[in-house]
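First up is the structure itself, then whatever we jot down about it.
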Amino acid sequence: MDNQQQNFNNQIINEYLSGESANKLSKKYNKNISSIMYLLRKNNIPIRSIGDNVIKVKYNKNHINFTLTFKEFLIGSLMGDGSLRIHKKGRNPYYTHTDKNKQAILYFKQIFEKEGIKTSKIWINKHSKCYCFQTEARKEFLEFYNLFYPNTSKKELPNINLTPTILLFWYMGDGSIKKQKGTLNNACQISNKFGNSFILNQLKSLFNNNSNYYKEKNRQVGLFYIPHKGFIKFIDYIGECPIECYKYKWIIRRCSETIIEES
């Protein structure tokens, strides 16, 4: 399947997940409805009943005053594997999340539901083999959409003040452990397409002045790198990992106190 066809299929899937009916999609794209249904089932997309064909929670008029903790969680998640989208016919954004670990998806989904935000069933993306879910569209998401998508539908890394909660959920999504060059000690890195001096300067100030941002050869995604000594401070700053599947990212390996001081 070529990229153009794959993008077309993904567009149909995303519109269906946003609340559009299979019947309307078949008319819109001049496709047999059985072809639409086959595409959805092939990609393990939950099929709505006729009575539930238009997502009931698409536009919820009851305003929610997001807690500060939730706002920081949302920002950290959007810095990582979360995203906000607006359907072509919609006014408000909805949140989507993709993760290879179902435990992480269940954990994130529960946080939204505790805040009073309704979510979809979990499905598996056949191509990425990852678990996914989405929320209802809400006006309250607009300020975060404007923050992360100021000029385009592509996500950017905004200038924000980092907090333990923001860093926790960013690291859970895009963080990893890397052996520090010349030692057996662990350092940490957080992947991101965009370098951001405002973010980098905070990492330097909070954890280690030798923290840096770089791009590896033949890779489009860059990395924020925090050396071993800063990694120890970083883990202490963000606190314990809240879910079992990502606790391996919290492992600090070091050989001696001397190496720690020299890192």
**Study point:** N/O donor-acceptor pair under 3.5 Å between S205 side chain and N201 backbone
**Key:** no

Study note, to complete from the structure: Only residue of N208, I226, I252 satisfying side chain to side chain contact (heavy atoms under 4.5 Å, CB included) with F234 is I226

Practice item. Decide yes or no on side chain to side chain contact (heavy atoms under 4.5 Å, CB included) for I111 and F73, but give the supporting numbers first. Key: CA-CA 9 Å; I111 291 176; F73 150 77; 3.4 Å; yes

Check your understanding: Does a donor on one side chain and an acceptor on the other come within less than 3.5 Å for Y131 and N101?
Key -> no

Review point. Between N192 and L223, is a side chain to side chain contact (heavy atoms under 4.5 Å, CB included) present by the stated rule, with each step listed?
Key: CA-CA 6 Å; N192 197 275; L223 298 162; over 6 Å; no

Exercise for review: Tell me yes or no: between the side chains of N159 and N196, is some donor less than 3.5 Å from an acceptor?
Suggested key: yes

**Study point:** For the student: nearest non-hydrogen atoms of C188 and F231, plus distance
**Key:** CB-CD1, 3.4 Å

**Study point:** Atom pair CG/CG of D99 and D81 - distance to nearest 0.5 Å
**Key:** 5.5 Å

Point to revise | Validation row: E140, H63 side chains within 4.5 angstrom (heavy atoms) | key: yes

Check your understanding: Out of curiosity, does F144 fall in the hydrophobic cluster containing L68 (side-chain heavy atoms, cut-off under 4.5 Å, transitive links)?
Key -> no

Practice item. Measure from the ring center of Y237 to the ring center of F207 and say whether it is less than 6.0 Å. Key: yes

Review point. Any link between L203 and Y225 through a network of hydrophobic side chains (Ile, Leu, Val, Met, Phe, Trp, Tyr) touching at under 4.5 Å?
Key: no

Exercise for review: State, with a plain yes or no, whether a side-chain heavy atom of S77 is found less than 4.5 Å away from one of M172.
Suggested key: no

**Study point:** Sole candidate of W123, F108, F169 that passes ring-ring contact (aromatic ring centres under 6.0 Å, His included) when paired with H97
**Key:** F108

**Study point:** Under 3.5 Å donor-acceptor, K233 side chain and L206 backbone
**Key:** no

Exercise for review: Report yes if the side chains of N161 and F198 come closer than 4.5 Å at any heavy-atom pair, otherwise no.
Suggested key: yes

Exercise for review: Determine the minimum heavy-atom distance between I238 and L168, stating which atoms define it.
Suggested key: CG2-N, 3.9 Å

**Study point:** Check: I190 main-chain N/O paired with Y171 side-chain donor or acceptor under 3.5 Å
**Key:** no

Exercise for review: Would you kindly say whether K109 and T119 are connected by a side-chain donor-acceptor distance under 3.5 Å?
Suggested key: yes

Practice item. Test side chain to side chain contact (heavy atoms under 4.5 Å, CB included) on F224 and S211 and set out the steps. Key: CA-CA 7 Å; F224 288 95; S211 299; over 6 Å; no

Exercise for review: Determine yes or no for a side-chain-to-main-chain donor-acceptor pair under 3.5 angstrom, with D174 supplying the side chain and W170 the backbone.
Suggested key: no

Exercise for review: To the nearest 0.5 Å, tell me how far I124 CD1 sits from T98 OG1.
Suggested key: 12.0 Å

Check your understanding: If two hydrophobic side chains count as joined below 4.5 Å and joins carry through other members, does V221 share a cluster with I199?
Key -> no

Study note, to complete from the structure: What one should report as the nearest heavy-atom pair of I75 and I160 is CG2-CD1, 3.3 Å

Review point. Is there a chain of hydrophobic side chains (I, L, V, M, F, W, Y, each step under 4.5 Å between heavy atoms) that links M79 to I105?
Key: yes

Exercise for review: With the side chain counted from C-beta on, respond yes when I235 and I232 share a heavy-atom pair under 4.5 Å apart, and no when they do not.
Suggested key: no

**Study point:** Sidechain-backbone polar pair: E72 side chain, I166 backbone, donor-acceptor under 3.5 Å
**Key:** no

**Study point:** Side chain Q180, main chain P227, donor-acceptor under 3.5 Å
**Key:** no

Review point. For F70 and I117, what are the C-alpha separation, side-chain angles and deciding distance, and is it a side chain to side chain contact (heavy atoms under 4.5 Å, CB included)?
Key: CA-CA 11 Å; F70 180 80; I117 300 167; 3.7 Å; yes

Review point. Just by modelled atom types, is the G222 backbone N or O under 3.5 Å from a matching donor or acceptor in the K193 side chain?
Key: no

Check your understanding: Which value, rounded to the nearest 0.5 Å, describes the distance between T96 atom OG1 and F133 atom CZ?
Key -> 8.5 Å

Point to revise | Close side-chain approach of L142 and R91, heavy atoms under 4.5 Å | key: no

Exercise for review: Could you grab the distance from atom NZ of K249 to atom SG of C241, nearest 0.5 Å is fine?
Suggested key: 8.5 Å

**Study point:** Separation of N185 CG from H228 NE2 (nearest 0.5 Å)
**Key:** 4.0 Å

Review point. Is there a side-chain contact between I13 and N125 (heavy atoms, below 4.5 Å)?
Key: no

Practice item. Mind listing the closest non-hydrogen atom pair of A137 and N92 along with its distance? Key: CB-O, 3.5 Å

Review point. For the side chain of K204 and the backbone of N209, is there at least one donor-acceptor N/O pair under 3.5 Å apart?
Key: yes

Practice item. Report the distance from atom NZ of K114 to atom OG1 of T67, rounding to the nearest 0.5 Å. Key: 11.5 Å

Check your understanding: Between Y95 and F112, is the gap from one ring center to the other below 6.0 Å?
Key -> yes

Point to revise | hydrophobic_cluster_shared for I243 and L106, side chain cutoff 4.5 Å | key: yes

Review point. Do E156 and K154 pass the salt bridge (Lys or Arg N to Asp or Glu O under 4.0 Å) test, and can you show the C-alpha distance, the side-chain angles, and the key distance before you say yes or no?
Key: CA-CA 7 Å; E156 299 181 16; K154 293 183 179 180; over 6 Å; no

Review point. Is the backbone N or O of P150 less than 3.5 Å from a side-chain atom of Y145, with the two atoms forming a donor-acceptor pair by type?
Key: no

Point to revise | Test item: K155 side-chain N/O and L78 main-chain N/O as donor-acceptor pair under 3.5 Å | key: yes

Check your understanding: Tell me, do F66 and F141 make a side-chain contact under 4.5 Å, heavy atoms counted?
Key -> yes

**Study point:** Pairwise side-chain contact, Y94 with R85, heavy-atom cut-off 4.5 Å (strictly under)
**Key:** yes

